[in-house]
Amino acid sequence: MVNYHVVLDLARRVNNAPHGAMVTVPLDAGSEPGLQRIIADWCDHTGNELVRIEDMLATVRRGRSDPLGGLAAGQLPGSRVWIYTNFDCNLACDYCCVRSSPQTPRRALDSGQIRQLAAEAVEAGVGELVLTGGEPFLLPDIAELVEICTDALPTTLLTNGMLFKGRRLESLRRMNRDRLALQISLDSVTPDLHDRHRGRGSWDRALAGVRIAIAEGFRVRIAATLMPEHVETLAQFHDFLDTLGIASEDHLIRPLAHQGVADHGIVLTVESLIPEVTVTADGIYWHPVSAVDDDHLVTRDIFPLASAISQVRSTFRQQRAHAAAAAQWFPCA
Amino acid sequence: MSKPLIVGSVAYTPNVVTIWEGMRDYFGDGQAEMDFVLFSNYGRQVDALLDQTIDLAWNTNLAWVRTVLQTRGECRAIAMRDTDTVFQTVIVARAGAGADGLESIRGKRLALGSKDSAQAAILPLHYLKREGVDVDDVDLIRINSDIGKHGDTGRSELDALSAVLDDRADFAALGINTWNGIGREELMPGAFEAVWESPTYSHCNFTALPGLSDDRVAPWLDALFAMDWDNPAHQPILEMEGLRTWVPPKLDGYTSLFEAVDEQGISPRW
Ligand code: SF4
């Protein structure tokens with residue numbers, strides 16, 4: 001005999017719960033699976049959402065909601081797409097989340113793949129492309145790759161800013177200033193902290209790169225990786241960026257992630273990270289900060305891009321339904 | 001610009017905050033601007049209306065009757081939900097109990113909801129009397145689990161259903177909203193069946209005192225009646241508040257409750 005007390009108990013608790021809150025009731029061992037069906041029907045009938053029935057517990061959300069509904073427009077997976085052009089880098093930062101260094105194999109996407117990605121991104125309703133590496137300016141055809149992207153969508157190019165000389169400066173000059181923003185890494189107001197993690201002399205060269213990019217008429221965002229020792233100097237850092245002429249909305253400070261070669265930092269898992277669809281030569285990853293982490297691999301198939309985006313969205317939708325409050329937003333741009 | 005109308009409402013669920021914040025946003029800051037005050041019970045809310053601390057009270061039917069009695073009929077109802085015009089009480093028993101109609105309750109155990117619930121306590125007794133069933137011949141089991149909120153939480157009605165399931169009662173008195181909320185006979189096959197449904201009567205309304213001038217009420221009412229189920233911005237609030245459309249009050253729907261309050265000697269205050 002089905003234990004109907006469970007349904008009455010559920011009704012009592014859901015009636016008393018705020019919209020969106022979760023209610024859990026224990027099931028009665030003898031009354032499955034009839035009871036499960038009744039609970040599902042009751043949720044349907046009353047406009048509440050059955051989140052799961054598991055381990056003899058039924059979890060119901062008061063009201064019905066799109067699990068992705070609470071996200072800001074820019075947080076909807078696929079609203080922008082990250083593309084790792086390559087993984088090799090002229091630097092070997094000790095916290096690099098994708099283990100880049102001069103020794104890292106290139107693992108680059110070629111111009112044909114970038115062209116197809118850009119076209120499919122437009123088709124899929126993506127609003128922005130973000131190119132990153134490694135160091136994209138190591139690629140001899142970076143100007144062409146950027147042009148393919150800026151012709152399709154507004155684009156951001158992440159760089160350490162240290163290579164704006166000779167033919168690479170010429171590459172920079174060929175890029176579309178109206179459709180491209182540069183995001184350059186700079187961690188501190190003075191060289192010590194930046195150089196400690198990224199290599200001696202890197203702060204001077206990065207700062208020179210920022211000045212060149214601004215002088216060349218590009219919108220420049222500064223991305224800083226926040227170290228615990230950095231926290232007190234944050235206000236000073238913002239002042240410094242102001243003096244460089246970086247608009248305050250382009251000061252991007254993010255915590256250190258425990259990914260790649262970083263030996264500490266916040267631990268990010270697929271369950272705790274709002275995804276950002278990330279394309280690499282090795283496949284689609286959950287988020288750019290974890291683009292070499294096998295646990296974060298979504299699929300080896302880069303194309304069609306739209307199905308990768310919908311796979312990320314549907315996994316994320318399920319996760320959000322299961323653990324509404326767990327996700328945290330880890331900004332990379 | 002006139003001052004905002006202050007509406008009182010009883011916080012019987014946390015969602016009341018969401019509902020009234022939605023209403024306040026809907027009315028905006030124009031001619032019909034409003035704000036709200038939440039009370040923990042209807043007694044305090046009616047006192048606040050009489051003291052003119054609030055301009056309008058979102059009253060249950062019992063709170064309306066009590067306001068009428070305390071103001072000697074000077075107050076007025078200005079609007080209600082469509083669902084308030086067709087409220088009903090339902091008496092249910094275990095499925096297959098073979099009961100039918102109020103007469104079958106004679107000599108049996110009837111679980112009533114909170115004593116200040118019109119639908120689950122006051123009106124069931126009134127209808128029993130009207131059908132000629134002396135309440136002294138019925139074993140009344142009173143479940144006063146949400147006193148002060150006039151049965152709004154539905155808690156006492158669900159407790160009455162539990163009493164029927166546990167064979168602590170033969171019948172339970174419910175509001176039609178609770179009966180619909182558990183899916184009537186259909187969702188829990190073999191659990192309950194309705195043995196009697198009351199005539200329709202009126203439930204909640206917005207109550208005002210005569211001191212509230214028409215030029216303050218009229219724009220507010222115009223905006224209220226303009227809320228539209230088909231407008232995606234309005235629908236979530238309407239859905240949470242349990243209506244499709246706001247309508248003018250149906251005052252003859254309160255006759256049965258006035259009679260019940262009189263018969264049962266229910267105090268006009270609290
Ligand atoms: S953090 Fe950036 S600059 Fe440093 S090694 Fe990694 S990719 Fe290169």
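So you know, we letter chains A, B, ... as the sequences are listed, proteins then strands, and number each from 1. Every value quoted in this text rests on a predicted model; they were computed, and no experiment measured them.
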Check: S162(B) main-chain N/O paired with Y4(A) side-chain donor or acceptor under 3.5 Å = no
Just how far is it from atom OG1 of T178(B) to atom CG of L8(A), taken to the nearest 0.5 Å?
-> 10.5 Å
Should the heavy atoms of other residues, nucleotides or ligands under 6.0 Å from CZ of R44(B) be counted, would the total exceed 12?
-> no
Below 4.5 Å from any heavy atom of chain B, which atoms of A21(A) appear? Answer side chain, backbone, both or neither.
-> neither
Begin with the C-alpha distance, continue with both residues' side-chain angles, and end with the deciding distance and a verdict on side chain to side chain contact (heavy atoms under 4.5 Å, CB included) for T153(B) and N16(A).
-> CA-CA 7 Å; T153(B) 66; N16(A) 207 29; 5.6 Å; no
Apply the test side chain to side chain contact (heavy atoms under 4.5 Å, CB included) to residues L158(B) and N15(A): give CA-CA distance (whole Å), side-chain angles for both, the deciding distance (0.1 Å), then the verdict.
-> CA-CA 10 Å; L158(B) 292 165; N15(A) 281 353; 3.6 Å; yes
Nearest atoms (heavy-atom pairs only) where T13(B) meets R62(A) | OG1-NH1, 4.3 Å
Among N15(B), T18(B), V16(B), whose side chain to side chain contact (heavy atoms under 4.5 Å, CB included) with P18(A) holds?
-> N15(B)
Choice from V17(B), N180(B), D159(B) maximising heavy atom contacts with chain A below 4.5 Å | D159(B)
In this structure, are over 12 heavy atoms from other groups packed under 6.0 Å from Q235(B) atom CD?
-> yes
For residues D41(A) and E186(B), determine if any side-chain heavy atom of one lies less than 4.5 Å from a side-chain heavy atom of the other.
-> no
Under 4.5 Å from a heavy atom of chain B, the part of H45(A) involved = side chain
